[in-house]
Number of protein chains: 2
Amino acid sequence: MRDYLNERSRQILEAIIEDYIATAEPVGSRAITRRHAMSLSPATVRNVMADLEEMGFLISPHTSAGRVPTEQAYRFYVDSLLDVRRMAREEREEIRKRCQLSGKDIGEVLKETSRLLSSVSHYMGIVAAPRFASNVFRHMEFVKLGGRRILAVLVSRNGAVQNRIIEADEELPPADLVRMGNYLNGLLEGLTIARVRQRILEEMEDEKTRYDLLLTRALRLSQQTVAENGDEVFIEGQANILEQPEFADVVKMKEIFRAFEEKGQLIGLLDRCMEAEGVHIFIGSESSLGQMAGMSLITSTYRTGKNSMGVLGVVGPTRMGYAKVIPIVDYTARLVSKLLELE
Amino acid sequence: MRDYLNERSRQILEAIIEDYIATAEPVGSRAITRRHAMSLSPATVRNVMADLEEMGFLISPHTSAGRVPTEQAYRFYVDSLLDVRRMAREEREEIRKRCQLSGKDIGEVLKETSRLLSSVSHYMGIVAAPRFASNVFRHMEFVKLGGRRILAVLVSRNGAVQNRIIEADEELPPADLVRMGNYLNGLLEGLTIARVRQRILEEMEDEKTRYDLLLTRALRLSQQTVAENGDEVFIEGQANILEQPEFADVVKMKEIFRAFEEKGQLIGLLDRCMEAEGVHIFIGSESSLGQMAGMSLITSTYRTGKNSMGVLGVVGPTRMGYAKVIPIVDYTARLVSKLLELE
DNA sequence: GCTTAGCACTCACAAAACATGAGTGCTAAA
DNA sequence: TTTAGCACTCATGTTTTGTGAGTGCTAAGC
């Protein structure tokens, strides 16, 4: 059926979607003819609209309102109609200016990127840090704090750092901690963190180490250091979403905030985006997350170093300025990739 | 005038405040006599209420509504009437259970504490990390990433870590980085970060180092490493505030979210709390922050190590369950202090 | 001299009644 | 196939009308 959309119907559908994106009001036949200078009468447009409704692209909230695009319409729009706008120079400028690496740690960079995405798009910015497990081990070190307390610092090649305070079984002299570090660095250099975990287990099994107390301790410490860690997701600009008229309702708003407080499900979705490079678009229920009802997600992957990939993107209402946001997300992802590239 | 409050007036005022805290509705004379089993008629209560209004403790939103406590009333309540409740056992339990240090870095601990405060109090939790500058230097290290990129890791005695990616002027061999680290650690051990900054400057001025390229480079690197950093504040549980009826208005809500997105002013306020140990309470305009209109802040200081102090607390509407929240904040602060204590 | 019953008055809020107007579907003519 | 015309629908805004909680004041009661 979809194939039967002729040129005129497409134009009208596009006009409706764009009007709706711009105004958030159901759009009626007269509004179309007026705003888009069509050489058609409202009556004709009405006929077309009736067809589009039957095909599932439009629904009317009630008899005497205009019509509103369905998810299917947005999908069609994004796939076939959308003319991705070139970014305005100021936008490029702002993005480039705020993507700065120097003097910050990776977490901050990603957080700032998230903020950036939100402020440029006027929706919510979202950035998931690359899975730590796929990073490449660079360096591990133990710093004695006080008593039995040890700070473990784990650095990966792309500059991601994981710090942990570990309560050791007994007090260890600083010299031992240094030796442990040296030993482990030699052992683990160049492996991915996932491999590091395996390697530590293997090594612990080894007969030779079993009888070496220092090694055993070192391995046990390192094991705690590289233990699984909740993945980080930075969501910024939640206040932006409040400006959107579809969330003017307090109840709706509460739901959204609750939803994003619990990041777990979102992470699952972002993981799926990582399966393939490039831009992904989830419209409304396509994400099959209940909490995302009425919301769309545009993501793109970025990479740090050779393989480890992260995801960043923008969350907004389904009625989102796709034409504007898609290039923003795409450009930002490329920029972040370049920024984090290891020469 | 305040001194003329006799016992009966106090009781009535207390009853009004507590009713209002519980219901968020203006409270009327009949409600008081009913709910608090007073041996007084509504008419009498009305007379007292009229007096209290004149004294500035109450206002009526309009003629035929009940009355609502003013900030002055809350202040009086907190200072003179409040009977700080002992905490419920489950609350203590939950707080203790969730205050865990092991396996996390300090930032995470504080963030989790903030989340904890919000979920136990049902308002917003807020935790400011101790000023980094007053921490005591423990350890500094440089890890080579790729090309000229260096990761600088700065550890203080209390376990706070600052990571930074630094773009060096030229590529440096790893061995040099290690030597630099050793040199700097010897030089700076035991100083506060603030002193470290001075020390680096002094050292750079020194004739001896001027002609040693490696030292000069090391100092320049370290200077970037310890450069001023925006202080961290963790605010969690913003969704809780949405449950409060006083913020049911969408416009109000937007304001609040905008306000807390910009943390700058808040930090100023928290700094003031650090000037003296213990619990501080700001009611509404007392904080003299416009954004805090209608909101109260309860904070307490915590300490990590000997001197460096941080602040944590709860933000809620002025109509806040002070009796319940004050002990929560107090207890949590003590617990965090103990947790971060260096043996 | 307090305390309290009685009563008129106020005013937010809810429900009902009404008007408005944008938008639709259908029919018949161009 | 397109379009003008027209009756019909229905959300939204406005006015009207009740309702009830709460007040202040006065005068009687203890």
Side-chain angles (χ1 to χ4, degrees), chain A residues 4-13 15-17 19-20 22-70 73 245-246 248-250 252, chain B residues 4-13 15-17 19-20 22-70 245-246 248-250:
Chain A
Y4 295 151
L5 272 191
N6 59 26
E7 187 53 28
R8 197 177 62 181
S9 311
R10 284 165 168 250
Q11 272 180 21
I12 290 178
L13 181 56
I16 293 172
I17 293 174
D19 273 22
Y20 186 67
T23 64
E25 302 279 298
V27 357
S29 50
R30 273 204 63 195
I32 293 288
T33 57
R34 222 183 312 119
R35 271 202 284 268
H36 295 265
M38 296 220 160
S39 54
L40 289 174
S41 75
T44 312
V45 173
R46 273 206 291 281
N47 289 330
V48 177
M49 283 168 89
D51 295 348
L52 289 170
E53 179 161 11
E54 198 168 351
M55 285 188 253
F57 290 110
L58 300 176
I59 43 158
S60 33
H62 58 88
T63 344
S64 75
R67 285 181 171 93
V68 167
T70 60
E246 35 265 87
D249 178 25
V250 183
K252 264 261 161 99
Chain B
Y4 294 150
L5 271 191
N6 60 26
E7 187 53 27
R8 197 177 64 180
S9 311
R10 284 166 166 251
Q11 272 180 20
I12 290 180
L13 181 56
I16 294 172
I17 294 175
D19 273 22
Y20 187 66
T23 65
E25 302 278 298
V27 357
S29 51
R30 274 204 63 192
I32 294 287
T33 55
R34 221 184 312 121
R35 272 202 282 270
H36 294 265
M38 297 219 160
S39 53
L40 289 173
S41 76
T44 311
V45 173
R46 273 206 290 282
N47 288 332
V48 176
M49 282 166 90
D51 295 348
L52 288 171
E53 178 160 12
E54 199 169 351
M55 285 188 254
F57 290 111
L58 300 175
I59 45 158
S60 35
H62 57 89
T63 345
S64 74
R67 286 182 171 90
V68 166
T70 60
E246 36 264 89
D249 178 26
V250 182

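In what follows, chains carry the letters A, B, and so on, assigned in the order in which the sequence lines appear, proteins first and then strands, with residues in each chain numbered from 1.
Listed nucleotides C:dG25, D:dG24, C:dA5 differ in distance to B:Ser41; the shortest reach to its side chain belongs to C:dA5. Of the candidate nucleotides D:dT23, C:dT24, C:dT3, D:dT23 has the atom nearest to the side chain of B:Ser29. Relative to the side chain of B:Met49, the nucleotides D:dT23, C:dG25, C:dC11 differ in distance, and D:dT23 lies closest.
Inter-residue side-chain proximity for B:Ile16 and B:Leu58 is flagged as met; some heavy-atom pair is nearer than 4.5 Å.
We find that CD of A:Glu53 is positioned 12 Å from C1' of C:dG23, with the value rounded to whole Å. Separating the CG atom of B:Asp51 from the P atom of C:dC2 is a distance of 11 Å, rounded to the nearest angstrom. At whole-Å resolution of the value, CD in B:Glu54 and P in D:dG24 are 11 Å apart. Distance, A:Glu25 CD to C:dG21 P: 17 Å, rounded to whole Å. Look at CG on A:Leu52: it is 16 Å from C1' on C:dG25, rounded to the nearest Å. Rounding to whole angstrom units, CD1 of residue B:Ile16 and C1' of D:dT23 are separated by 13 Å. When the P atom of C:dG25 is taken as reference, atom CG of A:Leu58 falls 11 Å away, rounded to whole Å. In this structure, B:Arg67 places its CZ atom 14 Å from P of C:dC11, rounding to the nearest Å.
In terms of heavy-atom proximity, B:Gly56 sits nearest to B:Thr70 at O-OG1, 2.7 Å.
Partners of B:Glu246 under the side-chain hydrogen bond (donor to acceptor under 3.5 Å, both in side chains) rule, at least two apart in sequence or in another chain, are B:Arg319. Take A:Ala248 and apply the side-chain contact (heavy atoms from CB on, under 4.5 Å) test, not counting sequence neighbours, and it matches no residue. For A:Ala31, the side-chain contact (heavy atoms from CB on, under 4.5 Å) partners at least two apart in sequence or on another chain are A:Arg35.
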Look for any protein N or O under 3.5 Å of an N or O in nucleotides 13-21 of chain D and output each such pair with its distance, or none.
none

Could you pull out the protein-nucleic contacts involving nucleotides 25-30 of chain D (nitrogen or oxygen on both sides, under 3.5 Å)?
none

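Between A:Arg30 and D:dA4, a side-chain N or O to OP1/OP2 separation shorter than 4.0 Å is absent. Within the 4.0 Å cut-off from OP1 or OP2 of C:dC11, at least one side-chain nitrogen or oxygen of B:Thr63 is found. Residue B:Arg8 places none of its side-chain N or O atoms closer than 4.0 Å to OP1 or OP2 of C:dC2.
Identified under the salt bridge (charged side-chain N to carboxylate O under 4.0 Å, His left out) test for residues 61-70 of chain B, with sequence neighbours left out: B:Glu53-B:Arg67.
Judged by closest nucleotide on DNA chain C, B:His62 is the one of A:Gly28 and B:His62 placed further toward the 5' end.
A:Thr23 places a side-chain N or O within 3.5 Å of a backbone atom of A:Asp19 that can act as its donor or acceptor partner. Side chain of A:Thr33 to main chain of A:Pro42: no donor-acceptor pair is present (N/O by atom type, distance under 3.5 Å, no hydrogens or angles).
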Hey, can you pull the donor-acceptor pairs under 3.5 Å for the side chains in residues 43-51 of chain B, sequence neighbours left out?
unit_1	atom_1	unit_2	atom_2	d
B:Thr44	OG1	B:Ser41	OG	3.1
B:Arg46	NH1	B:Ser29	OG	3.2

Exercise. Let me see the working for B:Val27 and B:Ile17 under side-chain contact (heavy atoms from CB on, under 4.5 Å), right down to the final yes or no.
Key: CA-CA 9 Å; B:Val27 357; B:Ile17 294 175; over 6 Å; no

